[in-house]
Amino acid sequence: MPFAIMSLTERAADRIKEIIEDSDKPVAGVRVGVKNAGCAGMAYTLDYVEAPVDGDDHISDKGVDVWVEPKATLFLLGTVMDFTEDKLKSGFTFNNPNQDGACGCGESVQLKPADLAELAKARAAAEATH
């Protein structure tokens, strides 16, 4: 069984469903990626998907579809995508085990590629307990 690149919380899935329902044009889901940006080095990207892009990884979780840019896959392995709201802001957040740090304003993050050997060990340990 392949590694799950990322998963969604119920709040994230519900917000993606709202985005799809409120769109003026057909939306199949969202596309997550990373780009070079900010003082910490990288930023997460999130775009509408009208049609899947060849080569993207596909995640179907809690009734929604998410595609991941190929260059972002190793940086997102094990990530949990959430949606948070407070009095001042709302938006998608990423609980990413591959994140080493972030800038003070929260606009960019430091990411390292996932350690596949560590993931394989953790997976084997989890399977041994089942």
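Along the sequence shown, residues carry numbers from 1.
- Taking the side-chain contact (heavy atoms from CB on, under 4.5 Å) definition, one finds that Ser7 meets it with Asp61, Val80, sequence neighbours left out.
- Applying the side-chain contact (heavy atoms from CB on, under 4.5 Å) criterion to Val64, with sequence neighbours excluded, gives Leu8, Ala13, Ile16, Lys17.
- Closest approach of Tyr44 to Leu76, counting heavy atoms only: CE2-CD2, 3.6 Å.
- Pairing each heavy atom of Gly33 with each of Ala72, the nearest pair is CA-CB, 3.8 Å.
- Under a cut-off of 6.0 angstrom, the local environment of CG in Asp24 is sparse, with at most 12 non-hydrogen atoms contributed by other residues, nucleotides or ligands.
- Looking at Val32 and Phe94, their side chains come closer than 4.5 Å, going by heavy atoms from C-beta outward.
- Two residues are said to be in side-chain contact when any heavy atoms from C-beta on lie closer than 4.5 Å; Asp82 and Asn95 fail this criterion.
- Panel note: side chain Asn96, backbone Phe75; a donor-acceptor pair is recorded below 3.5 Å.
- Not one N or O on the side chain of Thr79 forms a donor-acceptor pair closer than 3.5 Å with the backbone of Met6.
- Phe92 and Tyr48 fall within a single hydrophobic cluster, where Ile, Leu, Val, Met, Phe, Trp and Tyr side chains are chained together by heavy-atom contacts under 4.5 Å.
- Through chains of ILVMFWY side-chain contacts below 4.5 Å, Trp67 is grouped with Val49.
- To the nearest 0.5 angstrom, Leu77 atom CG is 8.5 Å from Asp57 atom CG.
- Comment: Arg31 does not engage Asp47 in a salt bridge, judged by the lack of any side-chain N to carboxylate O separation of less than 4.0 angstrom.
- One finds the CZ atom of Arg15 at 10.5 Å from the CE atom of Met81 (value rounded to the nearest 0.5 Å).
- The shortest heavy-atom contact between Pro97 and Gly78 is CD-O, 3.5 Å.
- Glu69 is not listed as a side-chain neighbour of Val34, based on a closest heavy-atom distance of 4.5 Å or more.
- For the atom pair CZ of Arg11 and OG1 of Thr84, the computed distance is 7.5 Å after rounding to the nearest 0.5 Å.
- The line from OG1 of Thr9 to NZ of Lys62 is 7.5 Å long, rounded to the nearest 0.5 Å.
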